[in-house]
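Inspection log for the structure reproduced underneath, given as C-alpha cells.
Everything numeric here is computed off the predicted structure, so don't read it as measured data. When reading the values below, keep in mind they use all heavy atoms of this one structure, side chains included, and skip hydrogens, waters and symmetry mates.
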Amino acid sequence: MADHFWISHFLWLVPVVPLLAAGMLSVSGNSRRNRAVILTLGAQILSFILASLLFITVIRAQGGTEEVVRLAVNFTWFEFGDTALRLGLLLDPLNAAMLVMVTFIGLLICIFSVGYMSRDPNFTRFFAFLSLFSAAMLGLLVSNSLLLLFICWELVGLASYLLIGFWYQKPSAAAAAQKAFITTRIGDLGFFLGMIWLYRETGTLLFYDGGAGLLEQAALHGLATGTTIGGLALSTATALLLFCGAMGKSGQFPLHVWLPDAMEGPTPVSALIHAATMVAAGVFLVARAFPLFAATAGPDTVATALIAVTWVGAFTALFAACIAVAQTDIKRILAYSTVSQLGFMMIALGVGGVAAAIFHLIAHAFFKALLFLGAGSVIHGCHDEQDIRKMGGLRRFMPATFATYAIGMMALAGFPFFFSGFWSKEEILHLAQGWPASPIPFYLALAGTFLTAFYMTRQMVYVFFGNYRADQASSEKASESRPHESPPIMTVPLTVLAAGAVLLGLVATPAWPWFHHFIEGGAATLEFGKLFTAGTLGLMLLSIVLVAAGVGAAWFLYARTSLGTAERDPLERKRPGLYRALAQRLYVDEFYDATVIRFHHAAGRAADALDRFVWHGLVMAVSGFSVLLSRASQAVDRRFFNRGFDTGCETLRTSGGRVSRWHTGNIQTYLAYIGAGLVLLIVFFAWIQQA
Amino acid sequence: MSTTAAFIAYSVLTLVTLGAALAAVSLRNIVHCGLSLALAFVGVAGFYILLGAEFVGFIQLLVYVGAVAVLIMFVILLTRPDGDPQPFTFDRLRRALPGLGIALAVFLVITISIRTSESLRAGAPDDAGVSIEALGHKLVTSHLLPLQITGVLLTAALIGAVLFAMKEDNN
Amino acid sequence: MIAIPDCSFNTTENRDPAAELLELSLGPQHPSTHGVFRMNAVLDGETVVRLQPVFGYLHRNHEKIAENVSYLASIPYTDRLDYLCSLTNNWAYALSVEKLTGLDVPERAEYIRIILAELTRLQNHTAFLGFLLGDMGAWGTALMYGFRQREKVLDLFESLTGSRMMSNYMRFGGCRCDFPEGWLEQARTVIDEYPEFLDEMEQLLVSNEILISRTQGVGAISPERAINAGLSGPILRATGVDYDIRKVDRYGIYDRFSFRIPIGDQGDTYDRMMMRLLEMRESLKILKAAIDEIPDGPIVNPKAKLRNLRPPEGEAYGRIESPKGELGFYLISDKQPQPYRFRVRPPSLINLTLLEEMSIGHKIADVMVILGSIDIVLGEVDR
Amino acid sequence: MLTLEFFLIISAALFSLGFAAVLTRRNVIMILIGIELMLSSANLNFIAFWRFGPDPDALTGVLFVLFSIAVAAAEAAVGLALIILIYRHFKSTNTFNFSLLNG
Amino acid sequence: MQLEASHINSHATAPPGRLPPAVAIAIAGIVLTGAGALLNLKAPGILLPAAWEALQNPSEAPLLLKGGLLDYLEQGWISSPFFLELASIQITIATLLSLFGILFALTSLVERKVLARIQNRYGPNRVGPCGLFQPIADGIKMLIKEDIVPRGADKTVHLLAPVVMVVPALLVLAILPYGPGLTPVELSVGILFFFALGATTEVAVFMAGWGSNNKYSLLGAMRAIAQMISYELPLILTALAVVMMAGSLSPVAIVEAQGGYSMGFIPDWFALTPWGIAAFILFFIAALAEANRSPFDLPEGESELVAGHLTEYSGFKYATFFLAEYIGLFAICGLAVTLFLGGWHAPLPVLEFIPGYIWFFLKLFALVLAAIWIRGTVPRIRTDHLMYFAWKFMIPAGFVIILAAAAWHYSGAGWLGWIIATPIVLLPYLILARGLSNRYATSGRTYRFSEG
Amino acid sequence: MLTLETIRDRILEAVPDAGVEIISNPGPSGQDSLLVSSGHGLAIALFLRDDPELRFDYCSNVTGVDWLDKTVKEKVIVREDDEDVETQVERVVPGYLEVVYHLYSISKKHGPVVLRLRTADRNEGVELPSLTPVWKSAEFQEREVLDLYGIRFTGHPDPTRLLMWENFEGHPMRKDYCAPDDDEPGDPITARERKEEAS
C-alpha cells in the first residue's frame, strides 16, 4: 500500500484505546468522577480522531478507482502443532465508514451521559462499561477474522448485558438484562455452529487473506458448489446459521423480544445499543459476510440465503411498526421503530444493496441516537416520566429538545428531500421494487413506511403538543415539577446529531451517490438528471404520498381530540380489539411464555421427578450395599490387620525417632550432607571412569 | 590486550576477589563482611570485563554492588545483630571444622577434576566482544519469553518482598 | 473522684511495642533549634512518636535577680528576655509597674509606645519569616531578604534609643527620651516601603508548592486545645480563636486606632505563617495613623518617680500582646525599693506546651518547621 | 596465556568460600552472603565457558548470566525480606535459634 | 562594587615600557629553542612546534599538545611501547584531574558568590582580588585542620568512605566526550558504565554513615541511599529513551547522533524534541537528587540532620567528600549535556568555529549554574514527599517518555512526530500532576478578620 | 464580669464545703484574689472552667510566692503577781508557699480572676493539687514552680524540674535560698577544674 497508509498501522489502537480506558476505570475508585469522564471522553475522542484519519485515508486511497480498497493485517495468535490460529485486522470502506459513525455517535452519547448520569452513584462503573462497549464494538468492526469478530461479538453482548442491567436493583432491569443475554445467545448458537462449520469446510476463519480468505473466490466457490442436507448449498447453510446470530443481535423476528425490554437500562445505553452499535452489529455481520450470503447467486438467480434475509427483514419491518403504533412508553415506541428499521436494513441486504443497507444503518444511527437522546432529555426534563400519556405540550418547556426531536422524527418518518432518512429509505424501496424473487417485500416495506410516519406523528403529538398532562395528575406540586430544559451538555449533542441527521442525506442522493461508490467502488458523479428518471421519480412520489398519509392520519386521529391520561387512546376507541393486540405486542412474549418457557418448566419438573424417584432410589440401594460391605471389612480390619499394623508402627516410630536425630532442623546441617554427597558422587564417578 | 597485561590483570583480580571473598566469609563484624562482599562483587565484575563481557560486568556492578550489597547492609542495620561480634575461640573453630572440611573437600574435588581434564586447557578463540546490538536483538527475539518471565519474576519478588517486610497492622 | 474531660496526655500509649524505635537527641547544639534548646525525640523510621522538650541551658534566674534590685534596674534585664522585641518587653514591665503604682502616662508617650511596639512587631515577624524558611532549608535566602528589611527598623531603634536591640527605653509613666529630629519622617519612609516588601515576600512564599506542602496540614491544633494549653499570640489566632489583648484589654491607646485581627483557619504551620504576614499589614495601618496623629506634649508623667521607687503595698498583673504572644509581669510590692515578687509570664515557654502534640505523627523534618512556626526565643523560654 | 581452567579454579574457590560460609556461619545474613558468592561463582563459570566455548557469537553465556543476575536480585530481595520477617519473629538472626523443624 | 571597579581600572592599562605579550612569547620561544639546542635538549624543539600548531588549530589543540608531549617522551625518555601507552594514559588522567580540580575550585567560589548575590550579600571578598583565592585558602584550611575521628567510630570504614566516594566520581569522568576525538575512554557501553559506577557511591555513603557511629550520620545515610536508589530509576529511564533513539550505549555515538541542524539553525539536540525536553527536565531533577543538591539535599539537610553522613567528618576527609560531591555534580551535568544538549556541538552553525570542548564546558557550567540558582531559591522538600515524587511522578513519567520517544521515532521525527509525541508526553503529565496535587489543597485559604 | 463576691458565692453553691476566701489587694491595681483551700482546688478549678457564666478557659499565668515565717510582736496581758501586766511577746507566724493562678476567659473575654492556693508550711507540707488536668497551660509553669519553689504538685503528669538540672539541690526562688559558691559539690565541671588545680 501507499505511503499515506501509515495510519493503518494504528488500526489496532481504535478498539484498544477505549479498552485501556475501560481497564483503567475498572480498577479505579468510584469517587474518581473526573478521571472517569476524562478517560472515557479522551479515549472516545482519540478513537474518533483515529477513525476519521482512517476514513480519510481510505477515501484518498480509493481515489475514484473501481477497485474496493481493502487492507488486511493478519498475524498468528498461537500455534498448536502444525495448525496456526490466525487473527487479523481489516480496513475497507465498509468498516471505515462504520468506524467513524460508531466513534462519533459514541462520543456524543458519552458527552450526553456525563450530564445524564451526573447524579448516579455508580458513575465510574457506568463509564467503564461504556468504554468496554465501545471497545468491543470497534474491535468487531476492525476484525478480519470470524473468530475475532465472534469474540468481540460476545463482548458486545456482555457489555450490553452489564449496561441494560446497570440499575440491577430494579428487578425489571435485571430481568431485561437476562432476557437480552439469553435471547441473543440463542442466535449466537447458530452463529457459533456456522463458524465451526465454516472452519471445517475451509480451514480458515480469516475473511481476506490474499486469496486464501473465507470471502475470497477460492473458498466461496468451494462452498457454493458443495451441498449438504436437503440439497442446500454449503454456503447457504452456513450463511443461514450466521444469519441466526445476526437476527439475535439485530432484533429480527422472532428474536426481537429482548430489544424493547432493553429499555430498562439508562437512556444513553438505549441510544448506544439501539442506535449506533449493538443492533448494527447484526447488519454489519451480514454486510461483511455478504459474499458468502450471495455465493450461490447466479447472474439471474437470487441466492437462497438472501431470500431468507429479505423475508425475515420485511416481516420484521411491518410487524414491529404495527406494534409501535399502540405503545405508550416513549422509549418503547422508539425501540419497536428500531426493530422495524432494522427490518428495512435486512430487506436492503437481502435484495443485494449492501451500500443502501449501510447507508440506512448510518443515517438511522444518527437520527435514532438523536431520538433516543431527545427522549432521554424529555424523560430527564419530566422527572423520570416515560409514559407519553402523562406528557404533552413540552414544546413550550423544552424548545431545544423539541426542535431537535422534530428533526429526528422527520428523518425517521422519511420526510422528503431534506432528511437523510428519506433518501436512505428511498434507496431501499427502489431496490426492493426491483427484486426479481417476489414483489411482496416491497409492499410490506411500503406499509412499514406508512406506519412509521403514523406512529412517529402520534408520538410527537402526544409528547410535544396539547397541554402538559402530568399537572392534572398531581397538581399539588405542579409548580416545582414543571418540565424543564436539559443542561447544555445534553442539548449540545442533540444539536450536533440533528445537524448530522440532515446533512448526511447529501452524500447518498440518487443525484450524487457518493456513498455507494465509496462502499462498492467506482467514482461518483453529480447528475441531477438521475433524480428525474421515471423509476426514481415515481417511487419518490409514492413514498411522499405514503408519508403524508401516515402523518395526516395520525394528526387527524390525535391532534384534534383532547388527550388525557385517564382517557383511552383514540385508536383504541375506534378499534379496541386491534389496539389491544398491538398494545400487547401481538402476544409474542405470551406465545413464548406459553410454548418455550412452559416446555422448559415442564421439562424441569420432569427431570426433578426423575431425580427424586428413580435416581434417588437407585443411589440409596447402591449406598446401602456398600455400607454392608464396609461393615464386613471393618470387622476384618479390626481383628487382623490393626494388630499387626500397630506393632509395625511401633517399630517404625522407634526407628524413626532414631533417624530423626539427623534431622536437626538446621539447614546448615542439611547443606553439609549435600556437600558431602557431592564430593562422594564426584569421587564415585571418577572411580568408575578409572575402572 | 596483550598477554602480559591480561595476566597482570588476572593476578590482581584474583587477589582482590579471593581476598575480599575470604574476608566476606570470615570477618567477625558483619558490616565489614557486607562491605567485603561488595568488593568481591567488584572483583567478579572485573573478571567479566577481562573475559570480554563488559556489558555483564557493568550490569553486575549496577545490580550487585549498587543494589544487592546495599540491600544486605540495610538489612544488617535493620536487624541489629545480637550484640558485639563474639571473640574468636577454639571451641567455635572446633564446631565449625566439619563444615570447613566439607567445603575444602568440595574445593579439592572440583579443582582436581578441572586440573585433570585435558579439554579445558584450550585457549580462547579470537577476541569476541559482546555486541550490544546483537545482545539486544537476541533478548527481544529468541529470548523474549525468558525476558518476560524474568520481568514477571521480578515484579512478583518485589511485591512479595514488600508484603513480607511490611509492618503487620494491628488488624 | 472528679471526672476530667478532654485531657489525654499520653498519646503514645497504643503503639506497637515491636516497632523499631530510634531515640534522637536534637540539640542543644543543633543548627535549627533557635538557640540552646533540646528535644528528645523518639522516631519510628522518620516519624516522630514521642518528643520531649528540655529547657534551662540559658537559665539565669532573671526573677531572682529582679527581686534583689530596684524597680528601675530591672528594665535593662527585660531587654534580654526576648532579645528580638526588647521594646515590647519594656512596655509590659512598665505597664505592670504603672498598674502597681497607679500611674498615668501622658498622651505623647502612649503614641510613642504604640509606634515602637508595632515597629517591634514588624521586625520580629519579618525575621520570623526568614527563620521559618531557613528551617525549611531555603539556604537563608528568605532570611537575608527579611533581614535587609529588618535592618531599617533597627536603624530607627538605634537612632531613638541608642541601641539596635537592647533598647532600655520605656520608663514608668512614660519614655526615656523624645524622638530626635526627622525621626518620624524616616519612620514614615520605612513604613511606606514595607508593603512593597510584604507583597514581594508573599508572592515568593505563599504560592510556592514546596512551602505549601511542607506547611499545610503540618502541626495542626484545634482551638479548644490551643486555649486549654494557654497558647497566645499568632499561634492561638491561627487556630481560629479571636483573641488579641490589644483588643481585649485595650491597654495603651489601642482603642483609638482601627485595625483588624486576622483569624486562622486550620491552625497549622501555614496558618501561623500567614497570621504573621497579615498582622504586619495591620500593624502598618496602626503605624501610619499613629505617626499622623501624634500630639505634642510631655513624654513622662511628672509625678513619676524613677529612683527609689517604693510602690504601695499590693500586687498587680499587667500583660500586653507582644509579637510572640501574651507577655505578662506579675509584681508584688511590700513597700520596699525592690519588688517582693517579680514574675515574667513568658509566651515563648508556654507556647511550647503543645510542641509534642503538634509534632507527633509528623516527620522529623517537620518538627523543625513546627518549632520554627512557634517562634520562640530561648532568652525568654529559659529566663 | 590464560586458559579456561584459570577461571574455573577461581570460580571453584569462590564457590567453596561461599559454601564454607553457608555451612559454618550462624548468622542468617552471613548465609545469604555465602549464597551470593556461590551464585557469583556460577555466573563466572557461565561467562568463562561462553568465552572459551566454541561459539562466542551465540552469546548464550552472557544471556544466561543476565537472567541469572535478575533472578539473583529477586532472590536477594525476597531473602532479605524473609530475614527481616524472621528477625521480627524470633528477635534474632542466629540460625540455631530457629530450628522449629527439629525432629 | 566601587572597590572592584577601581581594581579593574588599575590593571586595565599596562605600564609603559613593557613588551607586548606576543612579542615576549616569541622572544622566549627563540631563546628557549636556542638554549635547548645548545644544551642538546630535545624538549623545546619538539614541544614548541606542537604548541604553535595547537595555537593555530584550536579545535585539535589538546590532541596536538598531547601528541607533542608523547613524541618528546618517546625520543627522550621512554622506549617501551607498553610504558609509552601508560604514559599516554597518565597524561590524560593528569589533564582531566587538574582540569576538574580547577573547575571544582572555581565552582565552589562561584557558588558562594552567586548564592551571596541571590541573598543580597557580597560573598567571599577578602582573600585575593574579589575573593578569587578563597578556594586556595579553603583548601589550606581543610588540609591543616585536625582530623577528628569519633571514639566509637569504625576507624577503617570511616577512613575508607571518602576514598570509595571519590573513586567512582573520578572514574566516570573517563567516558564523557569532551570534544570530537576527546573522549578519554571510548567505551561502547559508556552510559552503562556511568550508571554502574554511580551506583557504587551508595556503598560509600553507607560506609560514611555507619562508620561514624552517629545517629544523624546513619539517618542521613539511610535517607541518601533511599533517595539515590529511588532517583536512579528515573535517571536511567530518561537516559534509556536517549539510548533508544541513538541506538547505542556509547556516549560518542549519542553525541554524534545529535549533530546537524534542522531548518539550518535549530540544532538537532535531543532536548529540542517533545520527548527530549521532558526527559531533560526529568533527568536534571533526578540528577539534582542523585547529587544531593538542593532542594533534594535532605541527606545532609542542616536544619534536620546537622550534616547527615558528613556530620562526623572534618578536615581532609571532609574536603574529599566535598570534592567527590562536586565532581559527581560535574559528571552528571556532563552526562546531561552529552545525552540531551548535543555534547560538543555548537548551538548555531555560525558558532561552529569555536572548539567543541569549549562548548561542552560552557554547557556543563550553565547546568552547574542552574543547580546553584535552584539552591538559592527553593526550600527543601520532605523525605516522604521526595519518595512520593520519585515513585509516583518521576518513574511513571519516565516510562511515558520512553513511549513518547518510540512514538516520535515511529512517526518519522518531523512535524507529525510533534503532533503525536507532544500529547503523549503532555497528557500523562497533566493527569499525573493533577491527580497528585490533590493530596494537599494548593488553593489559597481565606482568612477572617475580626474588628475587635 | 461578675464580682468576686458573686463568684465566691457561686463556687460555694457548686462545691459546698469548699473554703473560699477573698484576699483584698490594698494597692491601686484593685486585683483582689480568691484564696482556695487546697483540698478543693481541683473541683473549684473545674467549676471555674466549665461554668457557663464564668468559663475561665484560659489560665494565663501560674507562679509561686514564698512567704517567710514572720515574727510578730504582740502585746499580751500576762497575769503576774495578781496583776495584769502588758508585756511584749514575740510570736512566730509560720510562713507558707503560695501558688497564684491568673485566669481569663477567652469565650467571654473577661478576667482576670486571681486564684491562690497555699501550702500548710514551708518544709514538709508543700503539697498542692496540680491544676494541669484542668488547664494544660499550667504544665510547664507548675514544673517551674516545683523547680524554683519546691512545691510538690499531686496529679501532675510529669513532676520533674524544668529549668535546673536533675541533681540540683535546693529551690533558688525561695527567699531564704542562699546561692552556693561557684564550685558546687557534685558539679562535674568544677570537680574537674579542682582536680586540675590540685595536680
Mutual orientation of the aromatic rings belonging to F7(B) and F6(D) [parallel < 30°, tilted 30-60°, perpendicular > 60°]: perpendicular
Closest non-hydrogen atom pair, Y64(B) against E36(D): CE2-OE1, 3.2 Å
Heavy-atom pair with the smallest gap, counting every atom of R25(D) and V25(B): NH1-O, 2.8 Å
Region of L62(B) in contact with chain D, defined by heavy-atom distances below 4.5 Å: neither
Atom CZ of F64(D): over 12 foreign heavy atoms under 6.0 Å: no
Partner chain D: residue of G99(B), G34(B), A134(B) with the largest heavy-atom pair count (under 4.5 Å): G99(B)
Most contacts with chain D, counted as non-hydrogen pairs under 4.5 angstrom, among L158(B), L104(B), L147(B): L147(B)
Part of A67(B) lying under 4.5 Å from any heavy atom of chain D: neither
Proximal component of F74(B), with respect to chain D [non-hydrogen, under 4.5 Å]: neither
Under 4.5 Å from any heavy atom of chain B - which part of E75(D): neither
Among V44(B), T111(B), L71(B), I110(B), residue most engaged with chain D (heavy-atom pairs, under 4.5 Å): L71(B)
Among I33(D), V71(D), V65(D), V78(D), residue most engaged with chain B (heavy-atom pairs, under 4.5 Å): I33(D)
Closest approach of L17(D) to L18(B) (non-hydrogen atoms, all atoms of both residues): CD1-O, 4.1 Å
Leading residue by heavy atom contact count with chain D [cutoff under 4.5 Å; candidates I72(B), I59(B), V63(B), L100(B)]: I72(B)
Matching residue for I76(B) among N27(D), I29(D), I83(D) - test: side chain to side chain contact (heavy atoms under 4.5 Å, CB included): I29(D)
Heavy-atom closest pair, residues A24(B) and M30(D): O-CE, 3.1 Å
For Y48(B) against S40(D), the heavy-atom pair lying closest together: OH-O, 3.9 Å
Residue among I9(D), I10(D), L32(D) with most heavy-atom pairs under 4.5 Å to chain B: I10(D)
Contacting moiety of L14(D), where chain B heavy atoms sit under 4.5 Å: both
Minimum heavy-atom distance between L51(B) and F52(D), given as atom pair plus value: CD2-CE1, 3.7 Å
